[in-house]
Protein chains: 2
Amino acid sequence: MARAPRQADIAAAAGVSQTTVSLILSGNTDGMRLSESTRQRVLKAAEKLGYVPDPVATRLASARNHMIGVYTFASAFPTDVDGFYYPILVGIEEEAAALGQDLVLFTGTGGLEAGLDDKTAIRRTADGKAAIRRTADDKAAIRRTADDKAAIRRTRIADGCLFFGRHVPEEPIDWLLGSGFPLVYIGRRDELDGRIPFVGVDYVAASAAVVDRLVSAGHREIRYLRSVDDALSSSDRERGVLAAAKSARLSERLVVRAADSEVGGLVERWREEGVTAVVVEETDTGTLSAALLEAVKGVRVPGELSVAVLGQPKDHPEVSGFEVPRRELGRRAVRVLVDQITSSGARRPEQVLLDCTPITGSTIGPVAPSA
Amino acid sequence: MARAPRQADIAAAAGVSQTTVSLILSGNTDGMRLSESTRQRVLKAAEKLGYVPDPVATRLASARNHMIGVYTFASAFPTDVDGFYYPILVGIEEEAAALGQDLVLFTGTGGLEAGLDDKTAIRRTADGKAAIRRTADDKAAIRRTADDKAAIRRTRIADGCLFFGRHVPEEPIDWLLGSGFPLVYIGRRDELDGRIPFVGVDYVAASAAVVDRLVSAGHREIRYLRSVDDALSSSDRERGVLAAAKSARLSERLVVRAADSEVGGLVERWREEGVTAVVVEETDTGTLSAALLEAVKGVRVPGELSVAVLGQPKDHPEVSGFEVPRRELGRRAVRVLVDQITSSGARRPEQVLLDCTPITGSTIGPVAPSA
DNA sequence: TCAATAAGCTAATCCGTATTAGCTAAGGTG
DNA sequence: CACCTTAGCTAATACGGATTAGCTTATTGA
């Protein structure tokens with residue numbers, strides 16, 4: 001099984017030195033002079049041997065390898081949040097292709113749990129069951145998975161890396177940042193004293209705009225339903241809602257944290273309390289908004305009750321809310337990262353917030369005449 | 001920004017050689033003897049300096065890079081066939097993570113068209129429009145995209161590669177195979193004299209089984225609706241259908257190729273002709289089966305007409321057909337590839353066919369009493 | 001007592017590419 | 001003719017860690 005050809009092989013074939021091959025193939029001829037005939041000979045030999053540069057070596061010799069990493073803390077191809085992250089990945093891929101970058105998916109700690117012994121790993125299958133499997137390379141997988149830090153460090157084989165996910169493992173990320181490794185988070189981040197570059201979404205403004213619309217339609221008795229989980233994207237939305245509520249002098253008591261199962265009861269109570277509009281947070285799983293939409297099925301919307309979602313629920317284009325520019329999020333993140341890679345000058349971290357597009361929808365109406 | 005410490009620094013600090021440091025830190029002490037005191041000194045020094053192994057160097061020094069390529073001829077994150085390829089990718093990622101492999105996504109020629117000049121590329125945006133953009137790295141992108149072969153050769157940066165897509169670019173694949181590069185196709189392949197390793201689906205058997213079920217339910221007047229497009233997965237299904245039809249001594253004329261728009265008319269005519277059951281191919285886009293399900297909306301199914309799909313149409317779990325083990329397809333492909341990578345012994349190409357799970361569904365019934 | 005072991009460590013290379021510092025031969029200059 | 005260019009190329013080395021082939025000293029065995 002012939003080894004992959006290297007520059008030395010081309011050099012031998014073309015009767016030149018490895019240096020010459022490197023110069024010609026990389027196009028780095030600054031100040032160097034090489035005859036056109038040699039150039040052609042080398043290129044021909046490279047073509048014939050099917051030469052492909054080794055990215056690892058390229059990288060070690062401290063150049064670029066045109067690979068950008070994508071590190072997802074769970075799974076790059078999520079099964080449980082079908083449809084939410086996906087458009088972001090599409091955007092990433094598009095822009096990466098456009099910029100001539102390949103994507104390296106670092107399979108984080110998602111698929112694997114700690115191993116029992118050298119030869120066994122517990123793998124969590126997608127349906128939630130845990131299965132025990134033995135594989136040829138479990139050992140390596142376990143060693144790697146043993147520790148988040150190590151997994152994150154691996155990203156350094158790429159020129160830079162996109163990070164993705166709700167939590168920020170501060171220690172390793174700090175380490176990466178400190179070593180000057182280019183990285184960009186997807187989603188707003190305020191950890192590490194704002195030193196993390198990110199491309200996020202302006203949920204504050206978009207959420208405030210939704211509440212403003214309700215207020216303009218005459219609503220004063222509004223409830224905001226949010227998940228119990230704490231993520232920055234959740235608190236940003238809440239901030240937007242509260243800001244809009246405050247400037248409209250609404251009651252500050254509109255925020256309600258609830259689990260999916262409680263939504264039915266809440267809606268009933270709110271109706272009795274004279275609530276005329278409900279705003280619900282859209283999370284990555286989309287279950288909370290789904291629960292609300294289910295709960296209001298017996299009510300005329302927007303005749304009796306106005307409903308708005310802080311985002312866009314799956315399969316419900318008619319609901320008023322806003323569209324998160326997810327594809328653009330991915331695209332932009334790649335661009336910011338590549339900028340960072342190519343500029344290489346130390347400067348302050350780029351932090352970008354993208355605007356959402358309002359969705360008019362048909363679930364916000366004027367306040368119903370009191371019963 | 002102080003440079004990260006390397007083994008040499010630890011060696012200096014502990015008063016030993018770099019070799020010793022490597023031995024101790026990697027734990028590869030097979031046959032080597034090192035005193036416990038030295039060991040402790042080195043570990044302490046490493047800890048103190050905050051040593052972290054450089055993954056790039058590690059990989060250069062040990063031939064494998066634990067990256068497997070995924071080459072999709074169009075887009076790794078397809079927008080138009082939402083949901084079909086996705087589970088396969090999920091399976092690939094799961095198994096890759098389990099085996100400690102990272103994934104390198106090679107985006108074939110999908111995202112890019114030929115460039116106009118050195119600095120401009122036409123990028124096809126996802127909604128089908130073509131946009132012109134200028135980017136820092138267009139040149140590289142164009143150079144790469146210029147030619148399929150070059151793109152495919154790049155897959156060699158990984159230890160092996162998974163291929164994905166309807167057509168096989170024989171020349172470059174042949175070249176890869178010839179050079180001993182480990183690769184596995186997803187989907188059955190018969191090109192290149194069967195030298196292509198693959199993990200596919202046994203559509204022949206699964207399709208025959210569906211027809212058998214109809215026959216068992218008493219149907220004799222059956223039509224098989226397939227796409228006009230020719231892919232191996234299509235012809236395999238047709239072979240299965242024909243085989244089952246033949247052994248049941250049905251008319252050979254049951255195969256009908258049609259575009260989505262013609263389905264409505266066909267169904268009407270078939271009903272007049274006394275057809276009692278329709279089988280439709282499920283393609284990656286799923287539009288043909290969708291068209292059929294739409295066309296039979298006015299008909300009682302299975303009361304007046306039995307319907308079966310050779311696959312599983314999206315959002316229609318009630319339809320009789322079979323489930324393609326897509327996740328398993330991805331998983332298995334990774335396993336076969338990693339086997340190939342680690343065994344490295346030349347042997348005949350592994351070709352695997354996975355079985356489908358029948359879906360009983362509720363759209364196959366007994367033949368309706370003739371009107 | 002002299003060779004054979006073994007214990008504990010290191011020098012030298014290698015992995016594949018990039019880069020810096022020259023080296024050689026041809027041609028031009030004064 | 002000695003001296004300098006300049007075009008065209010190469011030797012050497014860096015990058016950081018893995019690995020192979022030894023090289024010292026003690027310790028045994030006969």
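Within every chain, numbering begins at 1; the chains are lettered A, B, ... in the order of the sequence lines, protein sequences first and strands thereafter.
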Q: Taking atom CZ of B/R195 and atom CZ of B/R348, what is their separation to the nearest 0.5 Å?
A: 15.0 Å

Q: From CG of A/D9 over to C1' of C/dC15, roughly how many Å is that when rounded to an integer?
A: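 The distance from CG of A/D9 to C1' of C/dC15 comes to 13 Å, rounded to the nearest Å.
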
Q: Can you measure A/I10 atom CD1 to D/dT10 atom P for me and round it to whole angstrom units?
A: 14 Å

Q: Take atom CD of B/E36 and atom C1' of C/dC9, then tell me their distance rounded to the nearest Å.
A: 15 Å

Q: Between N or O atoms, less than 3.5 Å apart, protein on one side and nucleotides 12-15 of chain D on the other: list the pairs.
A:
| unit_1 | atom_1 | unit_2 | atom_2 | d |
| --- | --- | --- | --- | --- |
| D/dA12 | N6 | A/T19 | OG1 | 3.2 |

Q: How long is the line joining CD1 of A/I24 and C1' of D/dT10, in whole Å?
A: 13 Å

Q: Please report the interatomic distance CD1(B/I88) to CD1(B/I92), rounded to the nearest 0.5 Å.
A: 7.0 Å

Q: Nucleotides 5-8 of chain D: which of its N/O atoms have a protein N/O under 3.5 Å away?
A:
| unit_1 | atom_1 | unit_2 | atom_2 | d |
| --- | --- | --- | --- | --- |
| D/dA7 | OP2 | A/R33 | NE | 2.7 |
| D/dA7 | OP2 | A/R33 | NH1 | 2.3 |

Q: So does B/Y51 get a side-chain nitrogen or oxygen closer than 4.0 Å to the phosphate oxygens (OP1/OP2) of D/dG16?
A: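 For D/dG16, OP1/OP2 do not have a side-chain N/O of B/Y51 under 4.0 Å.
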
Q: Could you tell me whether a side-chain N or O of A/R41 sits under 3.5 Å from a main-chain N or O of A/A14, the two making a donor and an acceptor?
A: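 Judged by distance alone, yes, a pair lies under 3.5 Å.
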
Q: Counting side-chain heavy atoms from C-beta on, which of C/dC9, D/dG17, C/dA18 comes nearest to B/T20?
A: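 The listed nucleotide nearest to B/T20's side chain is C/dC9.
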
Q: Is the phosphate of C/dA18 approached by A/S22 (side-chain N or O, under 4.0 Å from OP1 or OP2)?
A: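 Affirmative; the distance criterion is met.
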
Q: Report the distance from atom OH of B/Y71 to atom CG of B/L183, rounding to the nearest 0.5 Å.
A: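 So the OH of B/Y71 and the CG of B/L183 are separated by 12.5 Å.
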
Q: Within the structure provided, determine whether B/Y185 and B/I173 are in side-chain contact (heavy-atom separation under 4.5 Å).
A: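 The answer is yes, as the side chains (C-beta and beyond) meet within the 4.5 Å cut-off.
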
Q: Compute the angle between the rotation axes at the two ends of the helix from C/dT1-D/dA30 to C/dG30-D/dC1, each taken over five pairs, rounded to 10 degrees.
A: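 Rounded value for the end-axis angle: 70°.
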
Q: Within the structure provided, determine whether B/I152 and B/P169 are in side-chain contact (heavy-atom separation under 4.5 Å).
A: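 Yes. Closest side-chain heavy atoms under 4.5 Å.
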
Q: Distance from A/I68 atom CD1 to B/L105 atom CG, nearest 0.5 Å?
A: 11.0 Å

Q: Can you tell me how far CE of A/M67 sits from CG of B/D102, rounded to the nearest 0.5 angstrom?
A: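 Atom-to-atom, B/D102:CG and A/M67:CE are 10.0 Å apart.
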
Q: Would the distance check show the side chain of B/D159 and the main-chain N or O of B/N65 forming a donor-acceptor pair, the cut-off being under 3.5 Å?
A: yes

Q: What I'd like to find out is whether the side chain of A/Y51 reaches to under 4.5 Å of the side chain of A/V21, using heavy atoms alone.
A: no

Q: Mind checking whether A/V56 and A/I157 have side chains closer than 4.5 Å, heavy atoms only?
A: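 Answer no - side chains too far apart.
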
Q: Could you pick out which residue, B/V56 or A/R41, lies toward the 5' side of DNA chain D when each is mapped onto its nearest nucleotide?
A: A/R41

Q: Atom CG of A/L23 and atom C1' of C/dA18: how far apart are they, to the nearest Å?
A: 9 Å

Q: For the pair A/E350 (side chain) and A/V336 (backbone), establish whether a donor and an acceptor sit closer than 3.5 Å, ignoring hydrogens and angles.
A: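 Not a single qualifying donor-acceptor pair exists.
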
Q: Are B/E47 and B/K44 close enough for a salt bridge, meaning some N to O gap below 4.0 Å?
A: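 No, B/E47 and B/K44 are not salt-bridged.
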
Q: Any side-chain heavy atom of A/Q101 sitting closer than 4.5 Å to one from A/V334?
A: no

Q: Name the atoms and distances for all side-chain donor-acceptor pairs under 3.5 Å in residues 5-12 of chain B, with sequence neighbours left out.
A:
| unit_1 | atom_1 | unit_2 | atom_2 | d |
| --- | --- | --- | --- | --- |
| B/Q7 | OE1 | B/Q18 | NE2 | 2.9 |
| B/D9 | OD2 | B/R6 | N | 2.9 |

Q: Round to the nearest Å and state the distance from B/L49 atom CG to D/dG16 atom P.
A: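 Roughly 14 Å, once rounded to whole Å.
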
Q: Write down the protein N/O and nucleotide N/O pairs, taken from nucleotides 23-27 of chain D, whose separation is under 3.5 Å; answer none if there are no such pairs.
A:
none

Q: Round to the nearest Å and state the distance from B/R59 atom CZ to C/dC14 atom C1'.
A: 19 Å

Q: Show the distances under 3.5 angstrom between N or O atoms of the protein and N or O atoms of nucleotides 23-26 of chain C.
A:
none

Q: Measure CG/A/N65 against C1'/C/dG16 and give the value in whole Å, please.
A: 13 Å

Q: Under 4.0 Å, counting only non-hydrogen atoms across every strand here, what does B/V21 touch: a base, just sugar-phosphate, or nothing?
A: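 The residue B/V21 makes no contact with any strand.
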
Q: For the OG1 atom of A/T72 and the CD atom of B/E93, what is their distance to the nearest 0.5 Å?
A: 5.5 Å

Q: Can a salt bridge be assigned to the pair B/R156 and A/D54 using a cut-off of 4.0 Å between side-chain N and carboxylate O?
A: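 A salt bridge is absent here (no side-chain N lies under 4.0 Å from a carboxylate O).
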
